[in-house]
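Just the heavy atoms: all of them, side chains too, but no hydrogens, waters or symmetry mates, feed the values below. Proteins get letters first, then strands, A, B, ... in listed order; numbering begins at 1 in each.
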2 protein chains.
Amino acid sequence: MAKHDTDLSALFQALADPTRRAILARLAEGPAAVSDLARPTGLRLPTVMRHLEVLEQAGLIDSSKDGRVRSCALVPQALAPLRSWLEEQRILWEGRLDRLEDYVMQVMKEQGQ
Amino acid sequence: MAKHDTDLSALFQALADPTRRAILARLAEGPAAVSDLARPTGLRLPTVMRHLEVLEQAGLIDSSKDGRVRSCALVPQALAPLRSWLEEQRILWEGRLDRLEDYVMQVMKEQGQ
DNA sequence: ATCATGCTTAGCCATGCAGCTAAGTAATCA
DNA sequence: TGATTACTTAGCTGCATGGCTAAGCATGAT
């Protein structure tokens, strides 16, 4: 399996959890420390840490430690692969629809005779 | 948690598996029977069945049985929620970048004085 | 009526994941 | 120095997921 593919899997996997999507939404407002991200979730710190690990592994966020505080931030271009995949699928799926349309048109023409 | 949200989770979850994405790609060429979908995966039928269940549950495919053959097909509009979520995020994330840009501009102006 | 085909169901196994507690480390504050 | 804060690590639990085999059921062909 291509790396491109496992990347996509990791991305989708990371985004499949509502808590993680909420964290991303929060980060869209700007960088935040781990505890700040944890507070609104109502989850314990270690749990949130693991979510952050998943997000970072998927390339969606970046984090760096300053003193005893770890600050997390979005990686803006991280959703690009997902966007291209989606666009690719759209073209494929619509191509399929076009062919279906052609087929229907042809059947109608044949029936018209 | 909103239904909208669990829908998104199911979508992402369903797309997080390469086998399932391969099945979707195959279906983009047109409807297919379960065995036809199973063959190229090299997996056993029950395993593929479960993948198909997941895809159907997520609303990505549709299936109907004719005789003893079950035929599966894409649901073209199924990716729409994902597209809107992505677009929403793009706006949010870019809004963030705009604000960052504003901030940088302001700092530069202040330093210029 | 019998047999082959195509799917379905039931159930097992290993692994992964989301949550937790408890205990550890490292930086800041009094 | 000692206490507090902010993560971090280790390890447990329960449930979900992806794979399998074996056996069942319904339909189509002979």
Side-chain angles (χ1 to χ4, degrees), chain A residues 1-2 5-27 30-73, chain B residues 1-3 5-27 30-74:
Chain A
M1 189 151 11
D5 223 64
T6 73
D7 283 0
L8 257 186
S9 292
L11 258 183
F12 279 124
Q13 189 68 45
L15 294 172
D17 186 293
T19 299
R20 286 196 287 265
R21 288 199 304 278
I23 289 177
L24 289 181
R26 165 64 189 78
L27 283 178
V34 174
S35 327
D36 293 337
L37 292 172
R39 202 165 309 109
T41 67
L43 299 174
R44 300 297 184 167
L45 227 62
T47 306
V48 173
M49 284 284 297
R50 294 201 53 174
H51 282 304
L52 294 175
E53 258 177 57
V54 172
L55 288 170
E56 191 158 12
Q57 205 63 31
L60 284 161
I61 70 169
D62 222 0
S63 80
S64 62
K65 203 161 174 181
D66 177 21
R68 58 187 169 176
V69 176
R70 173 171 302 278
S71 178
C72 302
Chain B
M1 189 149 14
K3 175 153 170 290
D5 224 62
T6 73
D7 282 0
L8 258 186
S9 293
L11 258 184
F12 279 124
Q13 188 69 44
L15 294 172
D17 186 294
T19 299
R20 287 196 287 265
R21 289 200 304 278
I23 289 176
L24 289 181
R26 165 65 189 76
L27 283 178
V34 173
S35 327
D36 293 337
L37 292 173
R39 201 165 310 109
T41 67
L43 298 174
R44 301 296 183 169
L45 225 64
T47 306
V48 174
M49 285 284 297
R50 295 199 53 176
H51 282 303
L52 293 175
E53 258 177 56
V54 172
L55 288 170
E56 191 157 13
Q57 206 62 30
L60 284 162
I61 70 170
D62 221 2
S63 81
S64 61
K65 205 163 172 179
D66 178 20
R68 58 186 169 175
V69 175
R70 173 171 302 280
S71 176
C72 303
L74 286 184

Would you mind reading off the distance between [X] atom [atom1] and [N] atom [atom2], rounded to a whole angstrom?
X: A:F12; N: D:dT17; atom1: CZ; atom2: P; result: 17 Å
X: A:K65; N: C:dA27; atom1: NZ; atom2: P; result: 7 Å
X: A:E53; N: C:dA18; atom1: CD; atom2: C1'; result: 13 Å
X: B:L52; N: C:dT9; atom1: CG; atom2: P; result: 13 Å
X: B:R39; N: C:dT5; atom1: CZ; atom2: P; result: 13 Å
X: B:M49; N: C:dT5; atom1: CE; atom2: C1'; result: 15 Å
X: A:I23; N: C:dA18; atom1: CD1; atom2: C1'; result: 12 Å

- Would you check if B:L60 and B:L74 make a side-chain contact, meaning some heavy-atom pair closer than 4.5 Å? no
- Taking side chain to side chain donor-acceptor pair (under 3.5 Å) as the test, write out the residues that go with A:R70, two or more places apart. A:S63
- salt bridge (Lys or Arg N to Asp or Glu O under 4.0 Å) partners of residues 56-65 of chain A, not counting sequence neighbours, each pair once: none
- What string of B, S and - do you get for nucleotides 19-30 of chain D 5' to 3' if you count protein non-hydrogen atoms under 4.0 Å? BBBB----BS--
Contacts under 3.5 angstrom, residues 44-55 of chain B side chains, donor-acceptor by atom type, not counting sequence neighbours:
{"from": "B:H51", "atom 1": "ND1", "to": "B:R20", "atom 2": "NH1", "distance (Å)": "3.1"}

- Message: Reading DNA chain C from 5' onward, which residue's closest nucleotide shows up sooner: A:R20 or B:V69?
- Response: B:V69
- Check salt bridge (Lys or Arg N to Asp or Glu O under 4.0 Å) between B:R39 and all other residues, then give those that pass, not counting sequence neighbours. B:D36
- Look up atom CZ in B:R21 and atom CG in A:L8, then write down how far apart they are to the nearest 0.5 Å. 5.0 Å
